[in-house]
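To start, the structure under review is shown below, and the notes come after it.
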Amino acid sequence: MAASDQQVPTKPKRKRFRDLSPEQQAEYRDNLRHSAAHVLAEAVLKLFPEAKLTIGPPIRDGFYYDFDVERPFTPDDLSAIEKEMQASIRANTAFVEREVSRDEARELVADNRYKQELIDGIPEDEKVTFTSHSNGAFDDLCRGGHVDTTGQISAFKLLSTAGAYWRGTEANPMLQRIYGTAWESRDKMRVYLKQREQAQQRDHRRLGAQMGLFFFDQLAPANPFFRPKGAFVYNTLVDYVRGLYQRYGYDEVITPQMFNTDLFKTSGHYDNYIENMYMLEIDEQEYGMKPMNCPSHAVMYSKSLHSYRELPIRYADFGRLHRYELSGVTAGLTRVRSFVQDDAHIFCREDQIADEVNGFIDMLNESYEVFGFDSTRFVLSLRPDKRVGSDELWDGAESALEAVLQERGGEFETAEGEGAFYGPKIDMFVPDALGREWQLGTVQIDFNQPERFDLTYVNAESDRERPVMIHRAMLGSLERFIGVLIEHLGGNLPLWLSPTQAMLVPIADRHNDYAYAVASKMRNAGLRVEVNDASERMNAKIRDAQLQKINYMLVVGDREIEDDAAALRTRTGENLGAIKVEEIIAKLTEEVKNLTL
RNA sequence: GCCAACGUAGCUCAGUGGUAGAGCAGCAGUUUCGUAAACUGCAGGUCGUGGGUUCGAUCCCCACCGUUGGCUCCA
């Protein structure tokens, strides 16, 4: 501690933020952000006295507060509110917590049904507390967790407004939410806002257009068009997965696109998923586009008699799926209405579950490493209240999944009650450029479909037994995967996945022929190369290749022609100088072979 | 689906109650250049769609379509 601390201050001196432990820092930020939410609520009440307060938690990078108000907030409201907040912060008043009795609490929020509901939800053995600031001018039911004074909220900014249902349920009234960000210093906030801006540069929709990969058109909302280069990426991913399947023992199948709805009545989708299905009528019969592959795989399994010796059977399917998603939730490639998954269903005996899941995670980890996903979050979801299958089945499956995760030693989270009604599952989440997480991989145990389709195998005693079905996807929807991958890599696809691996850049027109000759050599070696023979300056050609995220630029001029070489430049801006064309080919070929990131 | 914002040239955007502009891209010509944007010129838009108000609508109003940010990280 500093020497100045020898003088005993009247109040314990606050430690500087950077001297706090990581846990304390996180707590301080939460407190800061939650305090900012209080100040926000105060400001809103000043300007909109009729507003009803609800909740205002700290969130990642900031905070929000939900209000029940007569009309939605406008951008102008936001700046007015921000001004009010600043006044309150300048006043630098203390946050004061106090315990109140339940009756008193109810009295204090008598005209606020939301707060009443919150009080009802507080367990009997917990204290009910209110927190005030601005010398009591603002008072709110609050669990606590504040900074000492409003003045500590030195850096904040209101970012956006949004409608939000009370408790996130559509049946509830829609509240108006204000999002803001708050930091321990102005510098930190500046850094954050800048990062936010940079993340937008990595948005896959922006990069996808820039790289000429795909586009959307209102003629087919939420259905991407993949241009030649995008289709190349798409198909190369499928090829990659097929390669893994060959090693990990999967068999690819092809199944129909649309089915008589009898299938979905058997599978249960007709009762539970019809809202998301595209239906059509053919020959006065009701048909539906498949939203999932599992029913067709169950049909395929049921078409022949199976011995326990055949199991596990692993059917892989790159079938196109259609799901009607609400218009408000579709987004770029990450949430579309038509997509293909690297989907497969494993039919196995109960005692094979652990091995199957284990083998799947091996494959998944192998692939995620190739793509550089190193912050994958594994979540194990256990039995919900509403479920099918006996407790014994669930016990077995849950402990099998948990044991696999335990034995592998990696970190994972457990979500009680979050499993599907048909079985427990493990989901794998990966963040996008803005830190929003998307589910890519999943492995789900299913006790339901085998029952519904009456699937059986013959065991060693010649008796019929019920197999377990395992749904699993590694990259998940290829569309989403491509979107997340682009953001993850900032568009810098690895060489093996890159639609254009190298751009030949002739310095002057007289070098064009040589450039074409080099390109042809490289193409013969299996590389994907283009020649930019435009009558442009070399700088412009390089810039053009950079924007397209092309891995290598091969600059050729008089000197290179002399030596049968090309000056190699990487998209990271590195100039590797003149290298013999043969060497370049060898280098790139090696890089492709090794799936170098 | 719900709340809000937005929709103008291929892209990024400006603009006004009197039928529209810029930069980049495209095309033509000039330039032939050493590691992220050469110069000149030309061409390019039923201002998302459909109604309404108005002498007149890209602009104001309504509806629809689409896109974007949100819609339990719970007092």
Side-chain angles (χ1 to χ4, degrees), chain A residues 30 33-34 37-38 53-64 66 69 71-75 77-78 105 109 112 114-122 126-131 140-145 159-179 200 203 205-206 209-210 215-222 275 324-332 434-437 505-512 534-547 553-560 567-571 573-578:
Chain A
D30 273 358
R33 288 163 183 167
H34 178 59
H38 272 261
L53 304 183
T54 68
I55 58 169
I59 55 176
R60 179 213 304 264
D61 301 333
F63 59 92
Y64 69 78
D66 284 348
V69 278
R71 65 164 179 85
F73 298 110
T74 66
D77 292 336
L78 276 199
V109 296
N112 186 324
Y114 307 101
K115 294 283 181 186
Q116 295 282 357
E117 210 178 304
L118 290 172
I119 293 171
D120 292 341
I122 300 174
E126 262 182 50
K127 293 190 280 190
V128 176
T129 53
F130 268 67
T131 303
D140 194 7
L141 171 75
C142 178
R143 177 167 53 191
L159 296 176
S160 59
T161 61
Y165 297 104
W166 169 237
R167 309 218 143 176
T169 306
E170 277 183 53
N172 287 339
M174 173 152 286
L175 308 171
Q176 294 303 321
R177 174 172 299 182
I178 296 178
Y179 280 99
Q200 282 165 9
D203 188 311
R205 289 166 296 200
R206 178 194 174 86
Q210 193 176 307
F215 66 90
F216 289 87
D217 189 279
Q218 49 178 324
L219 290 169
E275 295 291 306
Y324 174 76
E325 301 284 357
L326 288 179
S327 59
V329 309
T330 59
L434 287 171
R436 295 176 296 202
E437 278 195 329
V505 179
I507 290 177
D509 287 351
R510 66 176 181 281
H511 308 125
N512 283 353
S535 136
E536 284 281 359
R537 293 177 57 212
M538 176 200 60
N539 290 303
K541 296 182 187 180
I542 287 178
R543 180 181 147 83
D544 187 60
Q546 287 285 151
L547 290 175
M553 281 142 272
L554 276 68
V555 179
V556 294
D558 296 334
R559 303 205 292 264
E560 285 72 23
L568 194 60
R569 178 198 158 99
T570 67
R571 66 186 165 196
E574 222 181 331
N575 185 353
L576 302 176

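Computed from heavy atoms alone, side chains included, the values below leave out hydrogens, waters and symmetry copies. Not measured: the values here are computed from a predicted model.
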Under 4.0 Å: is that the gap between some side-chain N or O of [X] and OP1 or OP2 of [N]?
X: A:Ser535; N: B:U32; value: no
X: A:Tyr324; N: B:G1; value: yes
X: A:Tyr64; N: B:U72; value: no
X: A:Arg167; N: B:C71; value: no
X: A:Arg543; N: B:A37; value: no
X: A:Arg205; N: B:U68; value: yes

Rounded to whole Å, CD1 of A:Ile59 lies from C1' of B:C71 at a distance of 13 Å
Which part of the nucleic acid, if any, lies within contact of [X], taking any heavy atom under 4.0 Å across all strands shown: a base, the sugar-phosphate backbone alone, or nothing?
X: A:Asp66; result: nothing
X: A:Asp509; result: base
X: A:Thr74; result: nothing

What is the base-pairing partner of [N], counting Watson-Crick and G-U wobble geometry with both distances under 3.5 Å?
N: B:G50; result: B:C62
N: B:U16; result: none
N: B:C39; result: B:G29

Could you list the donor-acceptor pairs under 3.5 angstrom formed by side chains in residues 163-173 of chain A, with sequence neighbours left out?
residue  : atom : partner  : partner atom : Å
A:Trp166 : NE1  : A:Glu117 : OE1          : 3.3
A:Trp166 : NE1  : A:Glu117 : OE2          : 3.3
A:Thr169 : OG1  : A:Arg167 : O            : 3.2
A:Asn172 : ND2  : A:Trp166 : O            : 2.7

Side chain to side chain, A:Leu53 and A:Lys115, heavy atoms closer than 4.5 Å: yes
